[in-house]
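One structure is given below, encoded as structure tokens.
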Amino acid sequence: MEALYYPDWQIRRILRDTNTIAMVGASTNWNRPSYFAMKYLQEKGFRVIPVNPRAEGEILLGETVYASLKDIPEPIEMVDIFQRSDRVPPVVDEALEIGAKIIWMQLTVRHDEAAQKAEAAGLTVIMDRCPKIEFGRLSGELGWSGINTRVITSRRSKQIRTH
Amino acid sequence: MADDRKPAKPPGFETLAIHAGSAPDPSTGARNVPIYQSNSYVFDDVDHAASLFNLQTFGYIYTRIGNPTVSALEEKVAALENGRAGVATSTGHAAQMLAMYILMEPGANFISSTNLYGGSVTQFTHTFAKFGWNCKFVDPGEPENFRDAIDENTKAIFLELLANPGGVIVDLEPVADIAREAGIPLIVDNTTASPYLAQPFDWGADIIIHSMTKFLGGHGNAMGGIVVESGRFDWAQNDKFPSLTQPDPAYHGLTFYETFGDFGFSTKGRAVALRDLGPTLAPMNAYLILTGIETLPLRMERHVQNAQAVAEYLEAHPAVAWVSYAGLKSSPYRELAKKYLPKGPGSLFTFGLKGGYEAGTSLVESVELISHLANLGDTKTLIIHPASTTHRQLTEEQRIAAGAGPDVVRISVGLETIDDIIADLDQALDHAMAKAAE
Ligand SMILES: Cc1ncc(COP(=O)(O)O)c(C=O)c1O
């Protein structure tokens, strides 16, 4: 498989301009990775709406859990997929239906065909990345844990969101 | 114009040595990394505190587990090794303990090269045994020796690429293959080479250890250690590493590898090993080492240049029986040096005097400029007789296996004017010869 590459400016722009994210596969269990990501993104000012048929109607981190993307009663800008790669295509179809602009597949999640379909429809697709880790990397917060962000800068502020 | 479809050329080593991890301080604009001499960091509210303790958000809690000066250094060294993440420790020895703490269980073992710093041999043999961690030593001259020693309880292979005390280089690539086939990580102590001279991750190492006390700090003024992970080892490929792949009872059932992926090993090292064992690097020491690293490339170039001149001088001296420096034509490690240390085989090496133990001890007692002490990787040239000092706790057999036999003298060639280093050795060798003739 071809290595994936996304320039920092593209990731930074998505994380700066997006406000509403639907998280497909959000877990209600506090020690699952999706819970970590949802909580972090909320702290950074994103509205994150959880999607998980097994937890439909429950309240997760202050948000109602929906069974599917189509059940969400408000517009969604980005769909963040926390599901195995083979379960991506139907999620992408629904994301197209609800008019999302960005599809983001989590670390280890990748489906090139579904991505091509979404891109052909004019969407932006990011695969095999975590928005929490990318936010932490580009804002410099990841370096607080001794992680190599690969960001070299002589500028003072690495702030991503101003709102 | 820059092409956005592929990564830009990564910055060079010198740029990373100066800038990686060291962006301006966001709140004050301070251009140099400040010394954050603070034990704790305020929480915004109870919820923020909970997120931090649960590792759900990034941030500082308490300096035992993280500090802004220390993390700048961790990121810098991780970048220099082209690794994913680093966890700094109070000393190099603590780094070895921290790495092994993550991998080992009582009754487990690891395989180590015999050619190690004497203190590491002692740590592995006696102190680790008290934790129920067993070390099996093998001669690294034949890579297959590592394979032969592996059993179902083996968790790692450990070696020094450019071994202390001197001149021995281990053929890394075949050992990395053996580790990969066994599904265990290869840990390389890269202290004596520094990341400027050797890049063990390029040859298949999975974890790199440094005593930053040595060349990284480089000025003999701060102790420190670090564990760097490549981020490429698959901890879930077998069931050998439950502390990374199973829910951790010491962390409310969190599974580190699944949650933190390619920096799961380091996160475990910080959130559990640093937290519970406590060998934290002091911010002041991190600051001194950060400052030292900015000139690492320049210093290493001169260290190597001076070492080559000293080795050639010694080899031609009538009182000297042998010189073990991989930069010499006479060294059996010359080819390995070209492969793994293309910019030069460091500045730490050993030599033997024809007068044996007596001549060796009298040489180290006769130096005037060169310092007789136990350390290496300083701006100052350092000399020691390992059999009577650093390798003293070993048996005679272990000493010889480690390259620290009775006649061995170890030198760490520093950055003084080369003629002055050689002149001091010259007068000290005269003394040693006169003493031997008595
Ligand atoms: C190769 C090597 N590894 C590890 C260590 C231990 O480092 P520290 O003295 O910082 O604990 C040393 C110290 O001499 C060393 O030379």
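Quantities reported herein were computed from a predicted structural model and do not represent experimental measurements. We name chains A, B, ... by the order of the sequence lines, and we start the count at 1 in each one.
Of all the heavy atoms in B:T57 and A:E43, the pair that sits closest is OG1-OE1, 3.2 Å. The heavy-atom pair separating A:S154 from B:P24 by the smallest distance is O-CG, 3.3 Å.
Here the straight-line distance linking atom CZ of B:F58 with atom CZ of A:R137 works out to 11.5 Å at 0.5 Å rounding. If you take CG on B:L254 and CH2 on A:W30, they are separated by 5.5 Å, rounding to the nearest 0.5 Å. To the nearest 0.5 Å, atom CZ of residue A:F36 and atom CG of residue B:N54 are 6.5 Å apart. Here the CG atom belonging to A:N148 is positioned 8.0 Å from the CG atom belonging to B:L16, to the nearest 0.5 angstrom. A distance of 8.0 Å separates CD of B:Q56 from CG of A:L61, quoted to the nearest 0.5 Å.
For B:L55, the parts lying near chain A are the backbone and the side chain together; criterion is any non-hydrogen pair under 4.5 Å. For A:K132, the parts lying under 4.5 angstrom from a heavy atom of chain B are both the backbone and the side chain. B:S27 touches chain A through its backbone: at least one of N, CA, C or O sits under 4.5 Å from a heavy atom, while the side chain does not. With a threshold of 4.5 angstrom between heavy atoms, A:I152 approaches chain B through side-chain atoms but not through N, CA, C or O.
For chain A, the option among B:G66, B:A23, B:G59, B:G29 with the highest count of heavy-atom pairs below 4.5 Å is B:G29. Heavy-atom pairs under 4.5 Å with chain A peak, among B:I226, B:D47, B:T15, B:D262, at B:D47. Each of A:A37, A:G140, A:G143 has some count of heavy-atom pairs under 4.5 Å with chain B, and the biggest count is that of A:G143. Comparing A:M38, A:Q10, A:R155 by heavy-atom pairs within less than 4.5 Å of chain B, the highest count is held by A:R155. Ranked by heavy-atom pairs shorter than 4.5 Å toward chain A, the options B:I65, B:T28, B:V228, B:T267 are led by B:T28. Between chain B and the residues A:A3, A:G146, A:C130, the largest count of heavy-atom pairs under 4.5 Å involves A:G146.
The contact list for residues 77-91 of chain B toward chain A, using heavy atoms and a distance under 4.5 Å, reads B:A78, B:A79, B:N82, B:G83, B:R84, B:A85, B:G86 by residue number.
The 12-atom threshold is not exceeded at CD of A:E113, counting heavy atoms of other residues, nucleotides or ligands nearer than 6.0 Å. The number of heavy atoms from other shown groups lying within 6.0 Å of NZ (A:K158) is above 12. Annotation for B:R31: atom CZ counts as buried by contact number, over 12 foreign heavy atoms lying within 6.0 Å.
Without hydrogens or angle criteria, A:N31 side chain to B:H252 main chain gives a donor-acceptor distance under 3.5 Å. In this structure, A:R156 contributes its side chain and B:P26 its backbone to a donor-acceptor pair below 3.5 Å.
Side-chain contact between A:R32 and B:E258: present, with at least one pair of heavy atoms (C-beta onward) separated by less than 4.5 Å. The closest side-chain heavy-atom distance from B:E75 to A:T149 is below 4.5 Å.
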(request) Just do the side chain to side chain contact (heavy atoms under 4.5 Å, CB included) check on B:F263 and A:S145 with the steps written out, would you? (result) CA-CA 10 Å; B:F263 51 87; A:S145 302; over 6 Å; no
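A donor-acceptor contact closer than 3.5 angstrom links the side chains of B:S51 and A:K39.
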